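Remarks on the structure that follows.
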Amino acid sequence: MQLSFKKANRVSKNPSLDLELSVQELSAQTHPGQKKYWAMYSSWFERVVTDPNWMLVPIDDHLFHRGDGVFEALKWTAGRVYLIDQHLARLRQSAARISLDVRWADHEVKVLIEKCLNAGRVQHSTETEAMIRIFVSRGPGNFSVNPYDSVGSQLYIIVTSFQALTEEKRKVGVSLGASALMSKSLDWAPYKTCNYLPNVMLKKEAVDCGVDFMVGFDAKGFMTESATENVVIVSQRNELLKPKKGFILQGTTMNRVFTLAQHFVQQGILSRIHEEDISIDMLRGAKEVMVLGTTLDVLAVTTFDGQKVGSGIPGPITNKLQGILLADQLKY
Ligand SMILES: Cc1ncc(COP(=O)(O)O)c(C=O)c1O
């Protein structure tokens, strides 16, 4: 698939630095996607803004020109930010990986998220769910690669409308393909840094191949993950299996589901819950396969590489796990 620009390059009619005119022009420049942007906090401006045109990041922030930063994506649902502590803990682990100073305490980040939600809700009062993205950047300084050139890390929080998955996908499940691309290395896969180009390429591969998701494999041929989702299986022996730590991001959804699923082991619905190397043959022979993540919760994979998974419809364990996760979101 060819990537194409939707809009011709626009050159300002007023290239001189007339601030007032620039502000007018900027305010007039909109695109439909912006309707979903609720609010943004920027530590650089020390403000929460709701006008999408002012949701800006300095171009000399090393996040922009080097991908030097970390991020998290969280869901606001049932009046709460689901699994917020787990997300903030992972944000700090990712930041520690690149020696990035998160200058804000968790309680301060939570207050700022609440401020964004409150500001955004004025215009989006009928919406009951939202996505929150937190970015901690190396900060502005110059255009070098040197992280020590920054004046200090910055925090950007952006709240947008939640894009629910179509009911159809929930009912019939999704397709998964085997990626031909090399999975992210052990050095980077467990961290949510702003260098997501391998993930971008994995998603592009899925779109180009006409499947919903692609799953990667490591050098030994063991299953890793999808672009922004974890993949887990139910074996023929009714084991719920996830890949070993290392070549995957430890998804907050996957880990929560695995904790909640203990209940099904006690009930004898699952024989055990385990973390192990999953080969492509195990994936092919699985009773059920599912993708998990903050935006889609638990979703049944009903075809892998063009072949039916199990009987080709969402399996009972996937449905149960989806149910238990939704119940957890309501009471959390
Ligand atoms: C690479 C990758 N794997 C898995 C996930 C799922 O993680 P979570 O359940 O915390 O959303 C994500 C989330 O964005 C991701 O980026």
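All ligand and atom numbering here is 1-based and tracks the order in the structure. Every value quoted in this text rests on a predicted model; they were computed, and no experiment measured them.
Residue R90 has at least one N or O atom closer than 3.5 Å to an N or O atom of ligand 1. In terms of N/O distances under 3.5 Å, ligand 1 is approached by E225.
With contacts defined as side-chain heavy-atom distances shorter than 4.5 Å, the pair M282/L241 qualifies. With contacts defined as side-chain heavy-atom distances shorter than 4.5 Å, the pair F45/L56 qualifies.
Of all the listed residues (D297, N230, T294, T228), T228 holds the heavy atom that lies closest to atom 15 (C) of ligand 1.
A cation-pi arrangement is absent between K115 and Y41, since the terminal nitrogen or guanidinium carbon is not both under 6.0 Å from the aromatic centre and inside a 45° cone about the axis.
Ring planes of H65 and F143: tilted class, angle from 30 to 60°.
Neither the backbone nor the side chain of A189 has a heavy atom within less than 4.0 Å of ligand 1. At a heavy-atom distance under 4.0 Å, only side-chain atoms of K192, from C-beta outward, approach ligand 1. Only side-chain heavy atoms of N199 come within less than 4.0 Å of ligand 1; its backbone N, CA, C and O stay farther off.
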Stepwise side chain to side chain donor-acceptor pair (under 3.5 Å) check, T77 with E129 | CA-CA 5 Å; T77 183; E129 292 185 313; 2.8 Å; yes
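Of the listed residues (D212, T303, D305), just one forms a side-chain hydrogen bond (donor to acceptor under 3.5 Å, both in side chains) with S175, and that residue is D212. The only member of V215, T318, V309 that meets side-chain contact (heavy atoms from CB on, under 4.5 Å) when paired with V289 is V309.
Among all protein heavy atoms, the one lying closest to atom 16 (O) of ligand 1 is Y196 OH, 2.5 Å. For atom 7 (O) of ligand 1, the nearest protein heavy atom (residue, atom name, distance) is G251 CA, 3.4 Å. Scanning the protein heavy atoms around atom 9 (O) of ligand 1, the nearest turns out to be T253 OG1, 2.6 Å. Scanning the protein for heavy atoms near atom 10 (O) of ligand 1, the closest one is T252 OG1, 2.6 Å.
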